[in-house]
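First up is the structure itself, then whatever we jot down about it.
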Amino acid sequence: QTVVTQEPSLSVSPGGTVALTCGLDSGSVSNDHNPSWYQQTPGQAPRTLIYSISTRSSGVPDRFSGSILGNKAALIITGAQAEDESDFYCALLMGSGISVFGGGTKLTV
Amino acid sequence: QVQLQESGPGLVKPSGTLSLTCDVSGDSISSGNWWSWVRQAPGKGLQWIGEIYHSGRTNYNPSLKNRLIISVDRSKNRFSLNLASVTAADTAVYYCARDSGSHPGYWGQGTLVIVSS
């Protein structure tokens with residue numbers, strides 16, 4: 001089965017900008033993979049930040065943005081805040097309607 | 001605003017069947033969305049289990065396909081998960097969700113299921 005790759009951990013200074021990426025162990029991420037991005041804090045259900053590559057879910061601050069950068073999907077946080085410290089997951093659409101999550105990125109602010 | 005609520009036994013014996021239900025409110029299960037199950041083992045990442053459309057069409061994680069049945073009950077506005085022949089590796093928080101785009105979008109709060117004798 002295809003593996004979806006994410007950085008295990010990243011750090012960013014308060015007010016800084018960071019890019020979290022979502023790739024494939026073989027091949028490039030394209031629009032067809034229709035990536036979504038999720039934020040999760042301990043003990044809570046995931047929160048959907050971005051779907052369909054770049055559409056922000058209702059109530060998500062505009063400091064979160066999604067795109068395809070090169071051969072990966074990317075979640076960019078511009079002006080990181082302390083409350084952004086959490087785990088972030090991406091999901092990619094594979095063949096036959098199957099979704100695959102990445103292993104997650106632990107973000108330290 | 002759609003709301004989803006998982007329910008079912010919190011403890012299942014090894015080799016038994018894990019059965020969960022997701023009750024949907026604020027939306028019709030026949031509204032044209034896909035409805036998903038996702039799980040998260042303790043201290044681990046998210047794993048997509050599968051999804052169902054109101055017609056009954058399903059997509060399953062290949063690694064679970066042989067043990068998995070997801071079904072829908074339109075009359076009760078709910079969908080269900082049945083996972084057979086469970087082992088300790090199936091211990092996890094199980095989430096139901098309504099898809100946005102191609103993946104889970106609106107999430108339930110999750111329910112912990114422990115597989116143990």
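Below, each value reflects all heavy atoms present in this structure, side chains not excepted, and no hydrogens, waters or symmetry copies.
- In this structure, no portion of A:L49 lies under 4.5 Å from any heavy atom of chain B.
- Cluster annotation: B:Y95 is not connected to B:V115 through the hydrophobic network of ILVMFWY side chains, with a link wherever side-chain heavy atoms come within less than 4.5 Å.
- If you chain together hydrophobic residues whose side chains sit under 4.5 Å apart, B:I70 and B:V86 fall into the same group.
- Cluster membership for A:L92 and A:Y89, using ILVMFWY side-chain heavy atoms within less than 4.5 angstrom, is shared.
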Task: Derivation of the side chain to side chain contact (heavy atoms under 4.5 Å, CB included) call for A:T48 and B:W107 - done: CA-CA 8 Å; A:T48 303; B:W107 297 73; 3.0 Å; yes
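- Counting all heavy atoms, side chain and backbone alike, A:A91 lies closest to B:H103 at O-NE2, 3.4 Å.
- For B:V38, the part sitting under 4.5 Å from any heavy atom of chain A is the side chain, from C-beta outward, and nothing else.
- When hydrophobic clusters are built by joining Ile, Leu, Val, Met, Phe, Trp and Tyr residues whose side-chain heavy atoms come closer than 4.5 Å, directly or via intermediates, B:V24 is grouped together with B:L81.
- Contact annotation: the side chain of A:I98 never approaches that of B:Y60 to less than 4.5 Å [non-hydrogen atoms, C-beta and beyond].
- When all heavy atoms are compared, the tightest approach of B:S102 to A:S99 is O-OG, 3.4 Å.
- Applying a 4.5 Å heavy-atom cutoff, the residues of residues 52-87 of chain A that approach chain B are A:S52.
- Contacts of A:P42 with chain B are absent, with no heavy-atom separation under 4.5 Å from either backbone or side chain.
- Hydrophobic clustering (ILVMFWY, side-chain heavy atoms < 4.5 Å, transitive): A:W37 and A:V4 are in distinct clusters.
- The two residues B:G108 and A:A45 make their nearest non-hydrogen contact at O-CB, 3.4 Å.
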Do any side-chain atoms of residues 48-56 of chain B form donor-acceptor pairs under 3.5 angstrom with protein atoms, and if so which ones, sequence neighbours left out?
| unit_1 | atom_1 | unit_2 | atom_2 | d |
| --- | --- | --- | --- | --- |
| B:E51 | OE2 | B:N59 | ND2 | 2.8 |
| B:S55 | OG | B:R57 | N | 3.4 |

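- Other residues, nucleotides and ligands contribute over 12 non-hydrogen atoms within 6.0 Å of the CG atom of A:L93.
- Side-chain atoms of A:Q40 and B:Q40 form a donor-acceptor pair, as typed in the model, at a separation below 3.5 Å.
- Between the side chain of A:Y38 and the backbone N or O of B:P104 there is at least one donor-acceptor pair closer than 3.5 Å.
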